[in-house]
Amino acid sequence: MSLKSIAPGIVLALLAVAAPAMASDYQLLFLLQLLMMIALAQSWNLISGMTGYVSLGHTAFFGVGAYAGALLLQWGFPWWLAIFKGAGIALLVAAPLGVLTLRLRGPYFAIAMLGLNEIGRLVATLWVDLTQGGDGIPLSPARLPTLLQNYYTMLTLAVLATSLIAWVRYNRLGLELRAIREDEEAAEMVGVNTTRNKVIAFALSAVIPGAAGAVYAFYTSYIDPVSVFAPALNIQMIVMVLLGGSGTVWGPVIGAVLVRTLHELTWAQFPALHLALLGVLIVAIVLFLPKGILSLAPWRRRVRPDRAPGSP
Amino acid sequence: MTEPLLTINKLDAAYGPVQVLFGVDMEVYRGEIVAIIGPNGAGKSTVIKAVVGLLKSRSGQIVFDGRDIIRLPAHAVPRLGIGYVPQGRIVFSHMTVTDNLEMGAFLIKDREQRRRSVDAVFAQFPRLHERRQQAAGSLSGGEQQMLAIGRAMMLDPQLIILDEPSLGLSPKYVEQIFEQLEELKAQGRTLLMVEQNAARALTLSDRGYVLELGRNRFHDTGRALLADKAVRELYLGGR
């Protein structure tokens, strides 16, 4: 990877670091949500964009992280440790699950993940002693990190998620995942350990949603089962990735910026219509831009004769 | 006589509850071309899938180069020196021809060595060189088959296994593929193939195995099988 290719990322990150000095609290909250969606979309991109295994339940990890973060904070852990543990617990859920579900191909995996999210939601609803069920968990303001702390934590997660995608993509693992997406059997035949690679990608893709869930719990200071185990959130991740360009480094960032901006501009005026807009957007992408906005860029060619697999 | 490169010993194999192979025995010596022929459903491709690890449910012995490989998963097989050309020309259709070949040598970390392998394949298949920047999915069926063979040769394997290399190709390309196989034979490579074009396959082969309903039926030199009255009547549609 050359300096030139990461320069836009560095500029963006610096702008995001400087933003709190200029932004109002409302604008900062908007940016915080945008950064959260970038982090989530990139995580979805890692498993679904890169391997072609579409996850309809990545919010399961977000929800697990949110509940872990909220409960640990209540039990007296400092907020930053609660975030780490939220990510760790999401990883602990994902790794064995990946071993089981990634044997399922195509729609079966997607449905299994949808089921996982539902299980998470039901556990959070029914295990009242731990989660206070459908009432949700309000967090006491005294223990919560400030908006600024939440903002910088989320920025870190978005940068980490994007760097992870860049690192994987220009590495051997990325090539192996690409081969899996192209044709899993052929990948196996040339010596790619498909099961191991899928599980690694899946486990990595669960960590950041876990952490992001915890931060979400802190900045909203209240969570309930429906708001964190939310299929609509998963749909947003998918739209952002597809809109920008699946499997790419910058596609999900572009997609997240566009969708969140569109949402911001429309939700107040058209509270019902903005969801319909999202639907129209999905249909339009599938019909007219199946490879995402990045595929329109003139400097991008589909073939890369200059680059041999496995080379950095 | 020297040790065979590949020995299949009392191989049983099943798809789920359905047993397909019953104690199949086979040997392939270095430098030899061996054909497996037989009617549909005889288990020809199943033998190959069992050898390359694509079929989990199998028992018996598969000894390659002195080592029993029957428990190995499919992704560990290329490393041993077995190149596999699957049925149905499975290529990475959105990758270029060059990238497809590079994927074939994906286990080699040294870039220069990979490039040399690619050049060697291009030398053997000039047509692939002409199409090197094209997406593999845009090639004709015959060219995709060449690409699949080329990819299997990238690690310079000791044994190349081909599953129905001429299946579904136009007569012109069937001709070309067999010419390529002749060429591999002339280079002294070791080939094990399943082929529905039994007469062509036996003509090319040193030895042949005839399977029927998952069991060994006949086994002889290619020439002898071609001449055998029973084999001709049953499997070659002959007079």
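Throughout, a chain's letter reflects where its sequence line sits, starting with A, and its residues are numbered from 1. Hydrogens, waters and symmetry mates are skipped; everything else that's a heavy atom, side chains included, is used.
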Shorter than 4.5 Å, heavy atoms on both sides: which option in B:Gly104, B:Ala148, B:Pro78, B:Gly83 has the most such pairs with chain A? B:Pro78
Cut-off 4.5 Å, heavy atoms of chain A, and the answer for B:Arg132 is neither
Heavy atoms only, distances under 4.5 angstrom: which of B:Ala76, B:Pro86, B:Gly53, B:Pro73 has the most pairs with chain A? Name it, please. B:Pro86
So, taking the atom named CE in A:Met189 and the one named CE in B:Met103, what distance separates them when rounded to the nearest 0.5 Å? 10.5 Å
To the nearest 0.5 Å, tell me how far A:Asp183 CG sits from B:Asn100 CG. 10.0 Å
May I ask you to check whether A:Glu182 and B:His94 show a side-chain donor-acceptor distance below 3.5 Å? yes
Heavy atoms from other residues, nucleotides or ligands near OH of B:Tyr15 exceed 12 (cutoff 6.0 Å): yes
B:His75 vs A:Thr194 side-chain heavy atoms within contact, under 4.5 Å: no
What residues of residues 231-240 of chain A sit under 4.5 Å from chain B when only non-hydrogen atoms are counted? none
Tell me whether A:Arg178 forms a cation-pi arrangement with B:Phe92, defined as NZ or CZ under 6.0 Å from the six-membered ring centre and within 45 degrees of its axis. no
To check you understand the geometry: which heavy-atom pair defines the closest contact between A:Glu185 and B:Ile90, and what is its length? OE1-CD1, 3.0 Å
When you measure from the side chain of A:Arg172 to the backbone of B:Phe106, do you find a donor-acceptor pair of N or O atoms at a distance under 3.5 Å? yes
